[in-house]
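Note sheet for the following structure.
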Amino acid sequence: MPKIKLRLQRVSDAKRFFEILNSPNFTYFNVKPKSIEDEKNWLKQNSKRRKNNTEWNYTILFDDEIVGAIGIKIDYHRNYIGEIGYFVDDKFWGKGIATKAVKLAENICFKQLNLKRIQIIVHPKNKASKKVAIKNKYLKEGLLRKTIQGRSGKMEDRYLYAKAL
Ligand SMILES: CC(C)(COP(=O)(O)OP(=O)(O)OC[C@H]1O[C@@H](n2cnc3c(N)ncnc32)[C@H](O)[C@@H]1OP(=O)(O)O)[C@@H](O)C(=O)NCCC(=O)NCCS
């Protein structure tokens, strides 16, 4: 298993996140910051998100190098449900980094945030992400029809994977 750690995101992570997120290989991921400044502004809101218990966002470190991010979004109406989302630098794909990061984030969800249920919502063609969910023993519960607005503006389907205590 690689040496993976999570720590809370910092505004100084902006440059690396900008580089990673602008990869042309991120086919099934909709977040693309327009500039490092934009990314900094987004990161600056993280403390407010934690204070309001809406989002808990972490940086993934591999041997102390920034290689990605993983976040937990708390359901607005049911604050015992969280949704995990993640990305990894394409130069580091296939090393088990996302799989381990989900395991660590899950621990935060159940032990620190007292969540009862964790969801992972995946593009039907995103084989790597489905694999990450399955390797962490998330169950495929079904297809969410027309649930997310895609880049084209059209509403798109997603698979729902989840783990419940
Ligand atoms: C999804 C993502 C985070 C996976 O990161 P990673 O660190 O490479 O993931 P892991 O190495 O832990 O596991 C990926 C698994 O998918 C497999 N995989 C990758 N591409 C695949 C493909 N096209 N078909 C089938 N399996 C594939 C890998 O072989 C690996 O499985 P294995 O360990 O059995 O070999 C990464 O691809 C990414 O950042 N993608 C862009 C952002 C994104 O789509 N995020 C998910 C949003 S839900």
Side-chain angles (χ1 to χ4, degrees), residues 1-9 13-34 36 38-39 42-43 46 49 54-76 81-109 113 115 117-164:
M1 268 283 180
K3 285 177 211 134
I4 307 300
K5 280 190 270 183
L6 303 187
R7 63 148 170 77
L8 287 173
Q9 291 177 356
D13 297 338
K15 190 166 174 284
R16 273 296 282 144
F17 287 170
F18 178 78
E19 284 166 10
I20 297 170
L21 286 168
N22 275 286
S23 159
N25 299 323
F26 274 39
T27 319
Y28 307 115
F29 202 67
N30 280 339
V31 180
K32 277 213 197 296
K34 287 191 187 70
I36 297 174
D38 263 18
E39 187 59 11
W42 187 88
L43 287 165
N46 266 337
R49 295 184 184 109
T54 55
E55 283 184 42
W56 297 81
N57 292 314
Y58 298 86
T59 295
I60 306 172
L61 302 175
F62 176 80
D63 285 339
D64 295 326
E65 183 184 345
I66 298 170
V67 292
I70 186 159
I72 304 152
K73 281 195 171 76
I74 310 295
D75 187 289
Y76 183 74
I81 300 175
E83 179 188 332
I84 292 184
Y86 38 80
F87 65 84
V88 170
D89 183 339
D90 59 7
K91 292 193 284 301
F92 291 83
W93 285 1
K95 296 178 187 295
I97 294 175
T99 302
K100 180 72 199 275
V102 166
K103 194 164 180 255
L104 295 171
E106 184 183 308
N107 209 34
I108 294 172
C109 288
L113 303 175
L115 302 185
R117 178 181 158 85
I118 304 171
Q119 306 187 151
I120 301 179
I121 292 172
V122 184
H123 189 291
K125 290 187 180 158
N126 196 342
K127 291 185 181 157
S129 188
K130 284 192 225 173
K131 196 91 188 271
V132 169
I134 291 163
K135 284 198 289 180
N136 276 292
K137 301 197 165 59
Y138 284 68
L139 294 181
K140 189 184 189 179
E141 295 189 341
L143 184 70
L144 303 173
R145 294 169 55 249
K146 297 191 176 166
T147 192
I148 282 183
Q149 192 163 30
R151 280 185 207 162
S152 65
K154 281 195 187 143
M155 297 308 286
E156 296 178 353
D157 298 348
R158 292 289 184 270
Y159 279 115
L160 169 66
Y161 287 81
K163 190 181 276 194

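Side chains included, hydrogens not; waters and symmetry mates left out as well; all remaining heavy atoms used. In listed order, ligands and their atoms are each counted from 1. This chain uses plain numbering: 1 for the first residue, then up along the sequence.
Checked by distance only, ligand 1 and G94 come closer than 3.5 Å through their nitrogen or oxygen atoms. Between V88 and ligand 1, at least one N/O pair is under 3.5 Å apart. At a 3.5 angstrom cut-off on N or O pairs, V122 does not count as close to ligand 1.
Protein heavy atoms are absent from the space less than 4.0 angstrom from atom 29 (O) of ligand 1.
Taking only non-hydrogen atoms, the option from T99, N126, D89 nearest to atom 44 (O) of ligand 1 is N126. Residue K135 holds the heavy atom nearest to atom 13 (O) of ligand 1 of all those in K135, R158, E83, K130. Of the candidates A133, G85, S129, it is S129 that places a heavy atom closest to atom 1 (C) of ligand 1. When the heavy-atom distances from atom 41 (C) of ligand 1 to F26, Y28, F92 are ranked, the shortest goes to F26.
Between T54 and Y76, the side chains place no donor N or O within less than 3.5 Å of an acceptor N or O (distance only, hydrogens not considered).
Closest heavy-atom contact between G150 and N30: CA-ND2, 4.2 Å.
Protein heavy atom nearest atom 43 (C) of ligand 1, with residue, atom name and distance: F29 CD1, 3.6 Å. Among protein heavy atoms, atom 2 (C) of ligand 1 sits closest to A98 CB, 4.4 Å.
Ring orientation note: the planes of F92 and F62 are nearly perpendicular, at an angle over 60° on the 30°/60° scale.
For the ring-ring contact (aromatic ring centres under 6.0 Å, His included) test, residues two or more places apart in sequence or in another chain that qualify with W93 are F26. Applying the ring-ring contact (aromatic ring centres under 6.0 Å, His included) criterion to F17, with sequence neighbours excluded, gives F87.
Under the side chain to side chain contact (heavy atoms under 4.5 Å, CB included) rule, Y161 has a single partner from K137, E141, K130, which is K130. The side chain to side chain contact (heavy atoms under 4.5 Å, CB included) test with K146 is passed by exactly one of M155, R158, K154: M155.
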